[in-house]
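As the structure is a prediction and not an experimental result, all values here were calculated from the model.
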Amino acid sequence: IKDEHGKEKTCRIAIAYSLIPKKERQGNSEEWEVVPLERGQVSIYFPATKEASGLFFHIHAPFASTVARDSVRDVPANHRLIERVAQLTADSLTEVKEQGLLTVGFLAVLPNLQDGIPRFYEPIRKRIVSAFQTRELLPTRNKSHAAADALLRGPSRISDVLDDDDMSFLTDSEPPFWAANPPQINQREDRFLDSLEIDEWGWHELGEKFYRPPLFGVHEIEEWFVKKSDSWIAR
């Protein structure tokens, strides 16, 4: 990139997630998981101690710093660097997925709208959101990954009952359908999902299918119900 004096230079940038064994939380599992840091650190080969990114993972780049070397200056060269860090973060998501670490729990590591990310670091959040919306990264209820723009969110009382086969019948579409639900609402995972603006499919949409079915008639619905078990009907 070009530095603040207009000179071309090659820069080394990096990000680092916090990786711990699951056995630290539960039993003697040999599996690993990525967890949020209490405070993501910004480094310029050394920690910029007064710089607060608002992130829950570490980032490094040769930013132009203040004289005290404890914070990052607001100059064009640094904005160009942060765009590269944003792209690196988005690219890292594919590797996290390939390592089997892109779980619902991993979403807690990522920035959401309620984090109040400083404007300078906002490109990182936006690039992450764009990656999840358009690439097959988001965990689904059927244990796969899909682009958020292709998925649905809905009340667990619906998504726990209507599986992919049911949704294929009701929507005449191909799975996967449901984004995986986080264990608790209003936690970091849930807030990140909110930032992806996933289409909602809830009670209104379910009612539309049953009372004004656009794709099939009452006879088809009756046949669908007949094949269901009593326990499914009870749910």
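Side chains of D70 and T66: a donor on one and an acceptor on the other come within 3.5 Å.
Remark: D74 engages H79 in a side-chain hydrogen bond (donor to acceptor under 3.5 Å, both in side chains) (not counting sequence neighbours). Considering only residues two or more places apart in sequence or on other chains, R141 meets the salt bridge (Lys or Arg N to Asp or Glu O under 4.0 Å) condition with D160. Remark: R135 pairs with T94 by the side-chain hydrogen bond (donor to acceptor under 3.5 Å, both in side chains) rule, at least two apart or across chains. A search for ring pair (Phe, Tyr, Trp, His ring centres under 6.0 Å) contacts involving F177 returns nothing, not counting sequence neighbours. Take D166 and apply the side chain to side chain contact (heavy atoms under 4.5 Å, CB included) test, not counting sequence neighbours, and it matches L162, D163, W224, K228, W232.
In this structure, V104 is not a member of the same hydrophobic cluster as V34, with clusters built from ILVMFWY side-chain heavy atoms closer than 4.5 Å.
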Could you give the side-chain donor-acceptor pairs of residues 48-56 under 3.5 Å, partners two or more places apart or in another chain?
{"from": "E51", "atom 1": "OE1", "to": "V72", "atom 2": "N", "distance (Å)": "2.8"}
{"from": "E51", "atom 1": "OE2", "to": "Y121", "atom 2": "OH", "distance (Å)": "2.6"}
{"from": "S53", "atom 1": "OG", "to": "L55", "atom 2": "N", "distance (Å)": "3.1"}

Checklist entry - Going through the checks in order, is the ring pair (Phe, Tyr, Trp, His ring centres under 6.0 Å) test met by H60 and Y45? => result CA-CA 7 Å; H60 159 77; Y45 298 112; 4.8 Å; yes
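When the shell of 6.0 Å around CZ of R39 is examined, it contains more than 12 heavy atoms from other residues, nucleotides or ligands.
Here the options are I124, I128, T89, the test is side-chain contact (heavy atoms from CB on, under 4.5 Å), and the partner is L110; only I128 passes. Each of E189, R188, R191 was compared with P182 under the side-chain contact (heavy atoms from CB on, under 4.5 Å) criterion, and only E189 meets it.
Two residues are said to be in side-chain contact when any heavy atoms from C-beta on lie closer than 4.5 Å; L138 and L107 meet this criterion.
K22 and E33 are not joined by a salt bridge, as no carboxylate oxygen comes within less than 4.0 angstrom of a charged side-chain nitrogen. Using a cutoff of 4.0 Å between basic side-chain nitrogens and carboxylate oxygens, E122 and R119 are not scored as salt-bridged.
Note that CG of D149 and CG of D199 are 8.0 Å apart. Values are rounded to the nearest 0.5 Å.
Among all heavy-atom pairs drawn from I158 and G202, the shortest one is CD1-C, 3.5 Å.
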